[in-house]
Amino acid sequence: MTAQPGPPDDGLFDVSELLDPKALAKARAQEAARPEARRPAGSLSVARVIVDTPLPHLDRYFDYRVSADQDAQAVAGCRVKVWFHGRLLSGLIAERVETSDFGGQLLYLDSVVSAEPVLSPEVLELARAVADRYAGTLNEVAKLAIPPRRIRVEREEPPEPPDPPEREDADTGPGPWAHYPDGPGFVAALREGRAARAVWNALPGPGWDDAIAVAAEAALDAGRGTVIVLPNSRDVRAVDAALTRRLGEGRHAALPADLGPTPRYRRWLSVLHGRTRVVVGSRLALLAPVRDLGLVVLWDDGDDVHVDQSAPYPHARTVLAMRAHMSGAGALFGGHTRSTDTQLLVESGWAQPLVADRATLRGRAPVIRPAGDDHELARDEAARTARLPSLALKAAREGAREGPVLFQVPRRGYLNALACAGCREPARCEACRGPLAIRDAHAVPSCGWCGRVAGRWTCSECGSPRMRAVVVGDRRTAEELGRAFPSLTVRTSGRDEVLAQVPNKPSLVVSTPGAEPVVPDGGYAAAVLLDGWALLNRPDLRASEEALRRWLNAAALVRPGGTVVVAADASVPVVQSLVRWDPAGFAERELAERRGLGFPPAVSMASITGAPEHVRELLDQIRLPESAEVLGPVPVDTRTGDDGGVTERALLRVPRGAVGELSRALKAAASARSARRDEHLVQVRVDPLQVL
């Protein structure tokens, strides 16, 4: 059967056009066997359904007839089953209407799975906008918005909503926002129900979670809801506790990433029914159906975990900005640093900066010293190349007398990269040319691609049989520190085990970025930020921006007046921004440079990734905007797959105002390939993180 061509964007057609004759006859025979089901509902007898199909050319509503016995349950937003292309598929009712534009006979809904309206009108409108913005389909975004169903939870009797706690007049003050000159005004605007929008540079130290809770409380006082999105479960738990202190028990819903499906669905339903007006969580909370939304909050927007890894790969920052605009809600994008994307929001006037004055900042920030400044190089020339320069060891030794000391290591593992000890050429596998590494203290070098053990390795350039470590991971660093500080306990925190907190007593903590445990009642006595070159020398447009974000997040955990040593060259501008604790100034300069070079976020980009022939084929089919510029395609992965091919990527660059036009062009090209049943797929991403 040949797929039907797509109708105009605003058109509809009956699903019976896509059913083969046998499947159509079977479906109608089943309907004929149930006479009562063939009687249409008395009013609004047509359901417009979002069918669960991944094909881009089927990204539209399909009309089905609602029978009289389905009338009460087939409400807008509920789950249904429908016959589609000879298969029984899931779907969501977008709306009920009186008539269909299709002139033929409509199929009936096969069944109503649940009468629960899980897709609210506000989320439906937002999902459509997100799908259009990212060249995706409405069905893809709806899957991100709605959690899997749990029948037992739907049958539970909902609990009575708790009474709001009695609060004294002092509780309605600005709280931690009093430390920011414009903070009290921001909270007052939220309490009055106004759409206040700010880009917030949080002070180092504790209190940022309570500041978010105060903002959510202010929006709730105005009778409006709040959506709070955080990068990890640890931050979700911190804000969850702060909201409980501010709002009382049961007045908000926490949706961390590690929450089980049953409690997640139970809490999500409490939000859907309006019993809960404040939601805090990871990306799971991004599209939560909060009623009368008054505030969206995003913490640490530069963290790449805010990009969903499921199509169409939306970024939480963009989605929340769209949601705030569509709902007339306030917005708070905060962190210890400032991304170039939020700097663009400030410069465009969409949001206002919310920062503390320099005197307050100096009283809260630690002292930051680069190991590679002129003074240190004069007294210790080895500081230029040493992984643990004398300044870092001195700061760790002095800090360990008073409390825990943090060592931030950019990479996890043991010895993640090896090179020839003679000529410094990277050590590679003789079979597949993959990089060699050592996984633990008792392992031998092996390939990171094919896993082959490198037995009698010799350098292909100079013939030397000896290797040296190039990239050292957190576990090897912990071993080295254990030998240097034998009397101290050494803890590690990383992907295998992330520590939530460590006691406030002398010890050493080795952590990868983002896994740093907090120290209750005080903070770290000192911190050492190792291997700055590994962050700054990455072939990534955001290398400096990401390095500053990781450094400031770690430095913010150090107590006021403590010492932070960064193993990096002091002459590098991003290191100077760290020393001065000036993330806003760095973001402003970085954005100006990217604007001059034509890089995101000053412009918009989309990437097309796949086999070379498929990438070029799609490029030939796209009707690009006149302002679009094609960069590439170029190889991005030299590892050969089962078919012996390589992966290529092309970048499409347009002015920011033309991103909608570019997304529509990409969607149209993908739909045309899908309609032809072209199974050679390529990955299309709008606003990709990686552009180099």
Side-chain angles (χ1 to χ4, degrees), residues 1 3-4 6-7 10-55 57-121 123-125 127-128 137-143 145-151 154-155 269 272 289:
M1 183 193 73
Q4 300 294 323
D10 58 349
L12 298 169
F13 62 92
D14 177 34
V15 70
S16 63
E17 297 178 2
L18 297 176
L19 289 170
D20 59 63
K22 291 183 179 180
L24 184 60
K26 179 181 179 182
R28 287 180 173 157
Q30 291 175 338
E31 293 171 6
R34 298 180 298 171
E36 71 283 359
R38 298 179 65 241
R39 187 171 63 251
S43 62
L44 303 178
S45 63
V46 177
R48 306 178 72 188
V49 178
I50 306 167
V51 180
D52 185 5
T53 173
L55 302 177
H57 73 287
L58 301 179
D59 182 26
R60 56 180 64 87
Y61 298 148
F62 293 92
D63 285 0
Y64 287 84
R65 187 71 67 188
V66 180
S67 64
D69 64 336
Q70 297 170 336
D71 188 23
Q73 289 188 316
V75 298
C78 76
R79 294 179 169 101
V80 294
K81 290 286 188 179
V82 295
W83 282 97
F84 189 88
H85 209 277
R87 295 183 298 164
L88 192 61
L89 299 182
S90 300
L92 295 164
I93 295 181
E95 60 179 341
R96 294 269 300 270
V97 295
E98 287 287 356
T99 60
S100 172
D101 294 339
F102 178 68
Q105 182 180 359
L106 295 178
L107 288 176
Y108 280 87
L109 298 175
D110 181 81
S111 62
V112 177
V113 176
S114 169
E116 193 71 62
V118 293
L119 184 61
S120 66
V123 173
L124 172 60
E125 182 184 9
R128 180 72 270 173
T137 67
L138 178 58
N139 178 60
E140 290 171 339
V141 182
K143 285 185 175 181
I146 302 173
R149 183 188 180 215
R150 290 295 181 268
I151 300 176
E154 289 187 358
R155 294 174 178 172
L269 283 182
L272 178 69

Looking only at heavy atoms, what is the nearest atom pair of [X] and [Y], with distance?
X	Y	value
Val112	Cys78	CG1-SG, 4.1 Å
Ala74	Leu109	CB-CD1, 4.1 Å
Val75	Pro117	CG2-CB, 4.2 Å
Leu92	Ala142	CD1-CB, 4.1 Å

[atom1]-[atom2] distance between [X] and [Y], expressed to the nearest 0.5 angstrom:
X	Y	atom1	atom2	value
Asn139	Leu58	CG	CG	10.0 Å
Gln73	Ser67	CD	OG	10.0 Å
Gln70	Asp110	CD	CG	8.0 Å
Ile146	Leu119	CD1	CG	4.5 Å
Asp52	Thr137	CG	OG1	9.0 Å
Leu138	Lys143	CG	NZ	12.0 Å

Worked check of side chain to side chain contact (heavy atoms under 4.5 Å, CB included) between Val46 and Arg96: CA-CA 6 Å; Val46 177; Arg96 294 269 300 270; over 6 Å; no
Do [X] and [Y] have side-chain heavy atoms sitting under 4.5 Å apart?
X	Y	result
Val82	Leu107	no
Asp71	Leu44	no
Ser100	Tyr64	no
Glu98	Ser43	yes
Ser90	Val113	no
Arg149	Val118	no

Of Ile93, Leu89, Ile50, Val51, the residue whose pairing with Val80 passes side-chain contact (heavy atoms from CB on, under 4.5 Å):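 For Val80, the side-chain contact (heavy atoms from CB on, under 4.5 Å) check succeeds only for Ile93.
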Residue pair Leu272, Glu116: steps toward the side chain to side chain contact (heavy atoms under 4.5 Å, CB included) verdict: CA-CA 10 Å; Leu272 178 69; Glu116 193 71 62; 3.9 Å; yes
Test side-chain hydrogen bond (donor to acceptor under 3.5 Å, both in side chains) applied to Arg65 - qualifying residues, sequence neighbours left out: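 Per chain and number, Arg65 pairs via side-chain hydrogen bond (donor to acceptor under 3.5 Å, both in side chains) with Ser45.
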Glu125: partners by side-chain hydrogen bond (donor to acceptor under 3.5 Å, both in side chains), with sequence neighbours left out: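 None.
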